[in-house]
Amino acid sequence: MKTNRLLRQITGSPIHSIADQVRLLQSRGVPVVALQTGDPDFATPEPIIRSAHQAMLDGLTHYADSRGLPGLRAAISAKLAGFNGLNYDPISEVLVTCSGSHACLCALHAVCDPGDEVLIPDPCWPVYENILKINGCCPVYVPGKPENGFFPTIEDFEKSITEKTAAILINTPNNPTGMIASQEYLQAVVDFACRHDLYILSDEVYESIIFSGLRHISLASLPGAWERTFVMNSFSKTYAMTGWRIGYLAGPTELIQEAHKVCQTGLTNIAPFIQVAAQTALTDLEVPGYVDRMIAAYDRRRKLAMDILNSQSDPIIQAADPQGAFYLFLDLSRLGQTTDILAARLLEEEQVAVIPGGAFGPYSKNYIRITIAAADAEIETGLTRLVRWATRQMETIPAS
Ligand code: PLP
């Protein structure tokens, strides 16, 4: 049977397929320690839930403005000004989308033609690749080294430029590494994009989850960036709203206008009661307290995880202390096998679910990602089992 040629080129998201496998095992009673998915284990803050409920009772259950409710767009514009130092007109420069994933798709499909190349740092969130491929575009992975916080150097980006390069993607704080790009680095990326006339997609979904007193810099606030940048964000991570499916894009009118066409096609609009809830997330005075408590918990779990990893007498698993987001990216290269094999064995033998690094790019196959958006006990059990298991694996490797 003939199916879409572009779709045939992509495989499903590896993260979602591992998560589905974990759900299936759990439904059969297997006690899996689930460290695979970046989904906060906290409930969505109550004021947000209450406002969605009230909005439904108030009749906001019909079609709505396809760019997003004016009140929500105004709240997003105010948040971008206050938190990110960015000025966007709520009427023409903000678009509400059905998640951060969808915001990415709307932005990239708005500016890229089939055949265009897009530079993506490796490691990176896997969904970018498929978003590009279903539009006939080509992801070009550019490796980032651990000593540079896993962000590729500008020289490496330069080497990957061709006449087909249309855009560059930057995600900070980063999934899967937890690293934060410095202002100097982001400015160098902007200068590079200006030299080659590239669009920039700035994925800032982890902007609030930052440890150690570091600061998030919004790339579009840097000189030269605004007119070529889509700022992309989501309510999923900051507000523990992964199931609500709501995010947004901000950018110059001409870009948002095109992204709006993609958003509207097939979707019409985002459920209005969910938009009201998102507006509450941005404006209710109680919500920041909930967010602060979640970030404090991620920070505590980060320390817990790092203590366990640092206690290895022989550091078989190498770990960089994350600066933000809620992941640890662990180097298992000493075990001498790619981590798709190791991760499958870890699930089978120790019931610990992790994501193999190959999901985050072809250069990351020696790593695994674990999330710290799981309960402390899960993190402690999962990492203790991982360290013990890795130690046993090492004993089976002949000394060279
Ligand atoms: N960007 C990054 C880097 C992510 O890690 C995720 C989700 O894991 C998203 C975007 C999309 O989030 P959502 O689609 O839940 O809004």
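When a ligand or atom number is given, it counts from 1 through the structure's own listing order. Only a predicted model underlies this, so the values are computations on that prediction, with no experimental measurement involved. Atom set for the values below is all heavy atoms of this structure, side chains included, hydrogens, waters and symmetry mates excluded.
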*Run the numbers for me: atoms of ligand 1, each under 4.0 Å from some heavy atom of Asn175, listed by number.*
3 (C), 4 (C), 5 (O)

*asked:* Just to verify, what does Phe326 make a ring-ring contact (aromatic ring centres under 6.0 Å, His included) with, not counting sequence neighbours?
replied: Tyr206, Tyr298

_As an exercise, identify every atom of ligand 1 less than 4.0 angstrom from a heavy atom of Ser236._
13 (P), 15 (O), 16 (O)

_As an exercise, identify every atom of ligand 1 less than 4.0 angstrom from a heavy atom of Ser99._
14 (O), 16 (O)

*Please determine, by modelled atom types, if Thr280 and Ser51 share a side-chain donor-acceptor pair under 3.5 angstrom.*
yes

*Taking atom OG of Ser333 and atom CD of Gln318, what is their separation to the nearest 0.5 Å?*
7.0 Å

*Can you tell me which residue and heavy atom of the protein come closest to atom 8 (O) of ligand 1, and the distance to 0.1 Å?*
Lys237 NZ, 2.8 Å

*For atom 2 (C) of ligand 1, find the nearest protein heavy atom and state the residue, atom name and distance (0.1 Å precision).*
Asp203 OD2, 3.4 Å

_If I take atom CD1 from residue Ile316 and atom CH2 from residue Trp389, how far apart are they, to the nearest 0.5 angstrom?_
11.0 Å

*With heavy atoms only and a cut-off of under 4.0 Å, state how Phe235 meets ligand 1: side chain, backbone, both or neither.*
neither

*asked:* Let me confirm one number: the CD1-CG distance from Ile379 to Asp41, rounded to the nearest 0.5 Å.
replied: 7.5 Å

*With atoms numbered from 1 as shown, which atoms in ligand 1 lie under 4.0 angstrom from a non-hydrogen atom of Met232?*
10 (C)

*Does His102 come within less than 4.0 angstrom of ligand 1, counting non-hydrogen atoms of the residue?*
no

*Counting distance only, does the side-chain N/O of Arg369 pair as donor-acceptor with the main-chain N or O of Leu328 below 3.5 Å?*
no

*With heavy atoms of Ser234 as the reference, note each atom of ligand 1 found under 4.0 Å away.*
13 (P), 16 (O)

*If you measure only the distance, is there a donor-acceptor pair under 3.5 Å linking the side chains of Asp203 and Tyr128?*
yes

Output side-chain donor-acceptor pairs under 3.5 Å for residues 81-89, partner residues at least two apart or in another chain, one line each.
residue: Asn84; atom: OD1; partner: Lys79; partner atom: NZ; Å: 2.8
residue: Asn84; atom: ND2; partner: Glu207; partner atom: OE1; Å: 2.8
residue: Asn84; atom: ND2; partner: Ser218; partner atom: OG; Å: 3.2
residue: Asp89; atom: OD1; partner: Ile91; partner atom: N; Å: 3.3
residue: Asp89; atom: OD2; partner: Ser92; partner atom: N; Å: 3.3
residue: Asp89; atom: OD2; partner: Ser92; partner atom: OG; Å: 2.8

*What residue and heavy atom of the protein are closest to atom 14 (O) of ligand 1, and at what distance?*
Ser101 OG, 2.5 Å

*Looking only at non-hydrogen atoms, which of Tyr206, Trp125, Tyr128 approaches atom 9 (C) of ligand 1 most closely?*
Trp125

*What atoms of ligand 1 come closer than 4.0 angstrom to any heavy atom of Arg245?*
13 (P), 14 (O), 15 (O)

*When you look at Phe157 and Ile168, which way does the side-chain contact (heavy atoms from CB on, under 4.5 Å) test go after all the steps?*
CA-CA 9 Å; Phe157 280 133; Ile168 178 169; 3.8 Å; yes

*Is the closest heavy-atom distance from Thr242 to ligand 1 below 4.0 Å?*
no

*Contact atoms of ligand 1, heavy-atom distance to Asn171 under 4.0 Å*: 3 (C)

